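Along the sequence shown, residues are numbered consecutively beginning with 1. All of these numbers come straight from a predicted model, not from anything done at the bench. One-based numbering, in listed order, for ligands and for the atoms of each.
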Amino acid sequence: MTNPLYDTLFGKHQGKTTPFLRLADGSVITHDGFLQTAAQYANLLTDLGVTAGDRIAVQIAKSPQALAVYAACVQAGIIFLPLNTAYTADEVSYFVENSGARVLLCDESRAADLAPVAQAAKAVIETLNEDGSGSFSTKAVAHPTSFATIARSADDLAAFLYTSGTTGRSKGAMLTQANLLSNAKTLAEAWKFTDTDVLLHALPIFHTHGLFVATNITLYAGGQMIFLPKFDLDSVIANLPKATTMMGVPTFYTRLLDDGRFTKDLAQHMRLFVSGSAPLLSETHVSFETRTGHRILERYGMTETNMNTSNPYDGERRAGTVGFALEGTEVKITDAATGETLPQGDIGQIEVRGPNVFKGYWQMPEKTAEELRDDGFFITGDLGQFDKDGYLQIVGRNKDLIISGGYNIYPKEVELLLDEEDGVLESAVIGVPHPDFGETVVGVLVAQAGATPDLNAIKANMGKSLARFKLPQKLVILPELPRNTMGKVQKKALREQFADLFTG
Ligand code: MLC
Ligand code: AMP
């Protein structure tokens, strides 16, 4: 194969006039139509001077054209760097600079804001809007609808996905063609995807879940996707009867269960519901089965590793667990201090190894060495245990991380900004239970002597540089932060103190 990822996911569909994407307005994009757009984009990118191994940063709304940019990158050997649309110019600036992206693709409405970012990083800026318009597509139509696929090997890089670090600096996880391909094949087989499947796709496509899990599996199997711009309850309920499978974060499933229109009849013909990216509460699992007769299949993964474990397709899908290691992937529970494997039943850090595990963090050899062992095991930062039947349970995190509605927030990044605010002496940012998002962000402040910090002004100011989903939903002032004898802030005590803030 000249380009394993392109040939396996995209190339094999060339010439097929069967549907690939079904849009909310009822229109259909065929496999071949999609690939022709992708080829025009690949030609345009080449014209812009982007060559194999270069990066392009992409902060655009979900659309068929946005997905075609991913396909174009794979075909041209360009490293695809998708970014959350909620990121501010400050945040985007870091990713563009750090990755050395040659092109920054954004929505027209953001172009004025992001032009200085692109200029500072010597990147070309182009626009692509949700409706497919923009400077990028206008230029692309003049290009041929075929492109000579650039040869790549399985070990070549296909994508950078940035994941925040405990120190506040984001790390670019380097994913190879083999990482993505092995996971697509393993998951498609484990979950029995075929070309008759129609996946209801309501996830964003700038993260592993919506981009690699949902999309790559569908492409691998040759199925179709009902491609919705975002998770909108009315739209999901209207489209569910046309689908066979759905993937989502737990918030998708709790929102569906909160709606009376979501009935057994509506879900009757569905083959599979998959949940991941955040813990699915056992009670959600049980309520879902009671309402629909379906047991949600929960799996476990992360940006650096794609998917690691899954509950079985056939056999018991056990609530509160993420199942077994996927084919070809090893999972072990180790002692954080010694790295030794622990006996069954003990709680320890989860480590994984396999063809799905990334190559390292872009230009961060020390960070890579801290988390990726020489023998190939990746230290996930999650804590878990195997139950007596070998199902993996995730019991907590060894990393200071909040997961809200499936988005990750690293407290350190928020604390650094909070500490800069007027009248703030110090701060601690914690995650507390939230009925919709699972967890949400709370900022605990200590005021400088004699100061009375203006909490509304602080929130407004932080919103200028921080994506809205990372902003504390509540700020509280305490006389001091609880600390242990070593002086370390006791976040556990704070989490307990504020546990009922949104659920009480
Ligand atoms: C939106 N908002 C959130 C939020 N999403 N706040 C906290 N957490 C979130 N996840 C805020 C917005 O900033 C806005 O705030 C308000 O909520 C309304 O925005 P919205 O866009 O209308 O929200 P909504 O459409 O309801 O989005 C919620 C959601 C979405 C759950 C549907 O967040 C979502 O699609 N999440 C999926 C994330 C995902 O794909 N994760 C996979 C990561 S990969 P304001 O202040 O402006 O009103 C990974 C690996 C793996 O983890 O294992 O899969
Ligand atoms: P990300 O860095 O966005 O890829 O997020 C990965 C993290 O999400 C993992 O390290 C876990 O902490 C969490 N995660 C993913 N899937 C699950 C799951 N099924 N249950 C609990 N946590 C999960």
Side-chain angles (χ1 to χ4, degrees), residues 61-62 82 84-88 161-166 170-171 173 175 183 187 201-215 228-233 235-236 247-256 274-282 284-285 296-311 317 319-323 349-352 356 358 371 378-384 392-410 431 434 436-441 459-460 462-463 466-473 502:
K62 181 178 175 185
N84 193 321
T85 45
Y87 289 152
T88 62
L161 258 61
Y162 275 78
T163 140
S164 291
T166 39
S170 276
K171 302 167 286 184
L175 294 157
N183 221 232
L187 294 174
H201 195 303
L203 287 158
I205 54 168
F206 43 69
H207 279 313
T208 300
H209 198 162
L211 184 63
F212 299 140
V213 186
T215 305
L228 303 179
K230 58 181 285 203
F231 184 88
D232 170 74
L233 252 184
S235 188
V236 168
M247 292 184 192
V249 295
T251 301
F252 285 18
Y253 296 115
T254 51
R255 286 188 183 180
L256 279 170
V274 178
S275 177
S277 308
L280 184 76
L281 295 179
S282 292
T284 311
H285 199 278
I296 297 175
L297 185 153
E298 188 172 6
R299 72 0 171 231
Y300 159 59
M302 56 197 308
T303 302
E304 290 92 334
T305 64
N306 295 286
M307 298 304 103
N308 300 310
T309 74
S310 170
N311 268 282
R317 298 177 193 166
T321 81
V322 291
Q349 57 183 8
I350 302 174
E351 297 193 28
V352 299
N356 51 315
F358 76 141
E371 295 174 34
F378 177 66
I379 304 164
T380 60
D382 293 309
L383 297 173
L392 179 66
Q393 288 172 338
I394 299 175
V395 299
R397 297 175 203 132
N398 218 1
K399 50 192 173 190
D400 195 10
L401 164 70
I402 300 165
I403 304 184
S404 172
Y407 287 149
N408 289 4
I409 297 126
Y410 276 85
H434 188 273
D436 186 30
F437 291 134
E439 269 186 303
T440 196
V441 185
K459 214 172 152 182
M462 289 175 74
L466 207 59
R468 295 192 69 80
F469 70 87
K470 298 179 191 169
L471 288 178
Q473 290 223 359
F502 294 91

N or O contacts of ligand 1 with protein under 3.5 Å, please list pair by pair.
residue  : atom   : partner : partner atom : Å
ligand 1 : 8 (N)  : S404    : O            : 3.3
ligand 1 : 8 (N)  : S404    : OG           : 2.7
ligand 1 : 10 (N) : S404    : O            : 2.8
ligand 1 : 22 (O) : K230    : NZ           : 3.2
ligand 1 : 25 (O) : K230    : NZ           : 3.1
ligand 1 : 26 (O) : R255    : NH1          : 2.8
ligand 1 : 26 (O) : R255    : NH2          : 3.0
ligand 1 : 36 (N) : G405    : O            : 3.0
ligand 1 : 41 (N) : G406    : O            : 2.9
ligand 1 : 46 (O) : R468    : NE           : 3.1
ligand 1 : 46 (O) : R468    : NH2          : 3.1
ligand 1 : 47 (O) : R468    : NE           : 2.6
ligand 1 : 53 (O) : R299    : NH1          : 2.8
ligand 1 : 53 (O) : G301    : O            : 3.2
ligand 1 : 54 (O) : S277    : OG           : 2.6
ligand 1 : 54 (O) : R299    : NH1          : 3.4
ligand 1 : 54 (O) : R299    : NH2          : 2.7

K399 side chain to T380 main-chain N or O, any donor-acceptor pair under 3.5 Å?
yes
Tell me whether N356 contacts the main-chain N or O of N306 through its side chain, where contact means a donor paired with an acceptor under 3.5 Å.
no
Can any side-chain N or O of Q393 pair as donor or acceptor with the backbone N or O of G320 at less than 3.5 Å?
no
Whether the side chain of Y253 engages the backbone of V274 through a donor-acceptor N/O pair (distance < 3.5 Å, no angle test) should be reported.
yes
Is a side-chain N or O of E439 found less than 3.5 angstrom from the main chain of I403, in a donor-acceptor match?
yes
Just list the N/O pairs, ligand 2 to protein, that are under 3.5 Å apart, with the distance for each.
residue  : atom   : partner : partner atom : Å
ligand 2 : 2 (O)  : T303    : OG1          : 3.4
ligand 2 : 2 (O)  : N408    : ND2          : 2.8
ligand 2 : 3 (O)  : N408    : ND2          : 2.9
ligand 2 : 4 (O)  : T303    : N            : 2.6
ligand 2 : 4 (O)  : T303    : OG1          : 2.7
ligand 2 : 5 (O)  : N408    : ND2          : 3.0
ligand 2 : 8 (O)  : S277    : O            : 3.4
ligand 2 : 10 (O) : D382    : OD1          : 3.4
ligand 2 : 10 (O) : D382    : OD2          : 2.6
ligand 2 : 10 (O) : K399    : NZ           : 2.8
ligand 2 : 12 (O) : D382    : OD1          : 2.6
ligand 2 : 12 (O) : D382    : OD2          : 3.4
ligand 2 : 16 (N) : S277    : N            : 3.1
ligand 2 : 19 (N) : E298    : OE2          : 2.9
ligand 2 : 19 (N) : R299    : O            : 2.7
ligand 2 : 20 (N) : E298    : OE2          : 3.4

Using residues 202-211 as the side-chain source, report each donor-acceptor pair under 3.5 Å to any protein atom, sequence neighbours left out, with the distance given to one decimal.
residue : atom : partner : partner atom : Å
H209    : ND1  : S277    : OG           : 2.8
H209    : ND1  : R299    : NH2          : 3.3
H209    : NE2  : R299    : NH2          : 3.4

Suppose we call two aromatic rings close when their centres sit under 6.0 Å apart. Are F437 and F469 close by that rule?
no
Set of side-chain hydrogen bond (donor to acceptor under 3.5 Å, both in side chains) partners for D382, sequence neighbours left out:
Y300
Under a 3.5 Å distance rule, please check whether T215 uses its side chain to pair with a backbone N or O of F212 as donor and acceptor.
no
